[in-house]
Amino acid sequence: MKTRNLLILVLWLPLIISCKSSDDPAPGNPIMKYVVTSDRTDTITSASFKDWITILGDNFVDVKSIHVNDVEITLKDSYITKNEITFQIPEVTPKVINNLITLQTSNGVTTLPFIVNVPKPIVVPDRTASWLFDDPANLLKADIGQDLETGWRENVSPRVTHIPGPSDMTGFTSINGPSIPTNNKAVTVDKWHFLVANHGISPNGGGTRVNEYTLMIDFRVPALGAFYTFLQTNPADTDDGDIFINKSGAIGSGATGYSTSGVTANTWQRLVVSVKLGDKGWIKYYLDGKLVLDDEDMSKFQIDNSRYSLAPKIILFGDDDGDDAAIDVAEVAMWNVALTEAQIGKLETTMNLR
């Protein structure tokens, strides 16, 4: 009987050994040797947000926590074996930067020097001018800068331009704006009417006029099939406008070309135009935060360019020969710098609710 029991024990022993996992806890503290890229092609000592990295070492069992600086790694999203750990650097700015990976297991804590390249915070400069149209009793009131003026053109030939326009505000109607913020208001600017803005930006960019600026407009058009005008840089309004929506809904002009994607009718949208004239500059159009047109050939847009540099006053929503159908406007803002794509992406938006 004893012999039979011994035989059963001998037969079961290999099975017990074979079922033991190679990742079962091993004695001793965890050891982090070095870090490699997730494809193991290079040894690295630093990484950036969203990069995948792999730590090579030993005793990576029963992991309790992993921190990069003071940012905790989500273990369920990590791949962990006895000898390696793979995870993605979180897109989280640490409060405390110690340039360490800290690993804690049930057997101890260890650290490894490692640098995460934390990007500098994106700072959007203050606006130079802003008009919100939230006061139905004073649609021309400035939130920042100087109040607007009005203008109009006669709808007969010759089309004489009148600046400033009628004091009774004919052609400008207060309406409800986008639903954020609450009680947001806007203005409808009728065809043949326009706004005149003293933007308050001093000459910059190395010239005698304004050569660097950003213009933001929250707008809505009732339908496509007509031309709409955003900007006329000639304060006398004696020539063509400079930024349009064409009949297909594309944004731009003959000088810069038109965007490949366009405006949606009866929808509040945001246009941001960033202008930096000169050889190393740009004229870029963003619609709802997305770059839709980038004029890369700046040879024709030099400092003090007669079309896209600014005089002290500009015309909004007006054109000399009637390419300015009625448009709804919830906000206009200007900066005295050409905002970058990252800065434009940081602008608060009211466009998420239609």
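Only this structure's heavy atoms are used, side chains among them; waters, hydrogens and symmetry mates stay out. Counting begins at 1 with the first residue of the sequence.
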Mind checking whether Phe244 and Phe227 have parallel, tilted or perpendicular rings, split at 30° and 60°? perpendicular
Between Phe219 and Phe230, is the ring centre distance below 6.0 Å? yes
Side chain to side chain contact (heavy atoms under 4.5 Å, CB included) between Phe87 and Val68: does it pass, once the steps are laid out? CA-CA 11 Å; Phe87 60 85; Val68 180; 3.8 Å; yes
To the nearest 0.5 Å, how far apart are CD1 in Ile55 and CG in Leu112? 7.0 Å
Could you give the distance from CD1 (Ile201) to CG (Asn211), rounded to the nearest 0.5 Å? 11.0 Å
Are the ring centres of Phe317 and Phe194 closer than 6.0 Å? no
Between NZ of Lys191 and OG1 of Thr229, what distance do you get to the nearest 0.5 Å? 8.0 Å
Give a yes-or-no answer on whether the side chains of Thr105 and Asn107 include a donor-acceptor pair shorter than 3.5 Å. no
Which distance, rounded to the nearest 0.5 Å, do you find between the CG of Asp279 and the CZ of Phe301? 13.0 Å
Is there a side-chain contact between Tyr79 and Ile85 (heavy atoms, below 4.5 Å)? no
Between atom CD1 of Ile344 and atom OH of Tyr286, what is the distance when rounded to the nearest 0.5 Å? 4.5 Å
Reported NZ-to-CG distance for the pair Lys276 and Leu339, which is rounded to 0.5 angstrom: 11.5 Å
Linking I/L/V/M/F/W/Y whenever their side-chain heavy atoms sit closer than 4.5 Å, directly or via other members, would Val292 and Tyr228 fall into one cluster? yes
State, without any angle test, whether Tyr34 and Thr45 hold a side-chain donor-acceptor pair at a distance under 3.5 Å. no
Go through Thr208 and Asp304 one step at a time and tell me if the side-chain hydrogen bond (donor to acceptor under 3.5 Å, both in side chains) criterion holds. CA-CA 7 Å; Thr208 61; Asp304 288 343; 3.1 Å; yes
Can you give me the closest heavy-atom contact between Phe49 and Pro119, atom names plus distance? CE1-CD, 3.5 Å
Salt bridge Lys95-Asp70, side-chain N to carboxylate O under 4.0 Å: no
Applying the side chain to side chain contact (heavy atoms under 4.5 Å, CB included) criterion to His199, which one of Met334, Gln146, Lys313 satisfies it? Met334
Pairing of Arg127 and Glu331 as salt bridge, 4.0 angstrom limit: yes
My understanding is that only one of Asp321, Asp323, Asp237 makes a salt bridge (Lys or Arg N to Asp or Glu O under 4.0 Å) with Arg153; could you say which? Asp237
When you check the side-chain N and O atoms of Gln104 and His67, is any donor under 3.5 Å from an acceptor? no
Run through Thr102, Ile66, Ile89 and flag the one making a side chain to side chain contact (heavy atoms under 4.5 Å, CB included) with Ile73. Ile66
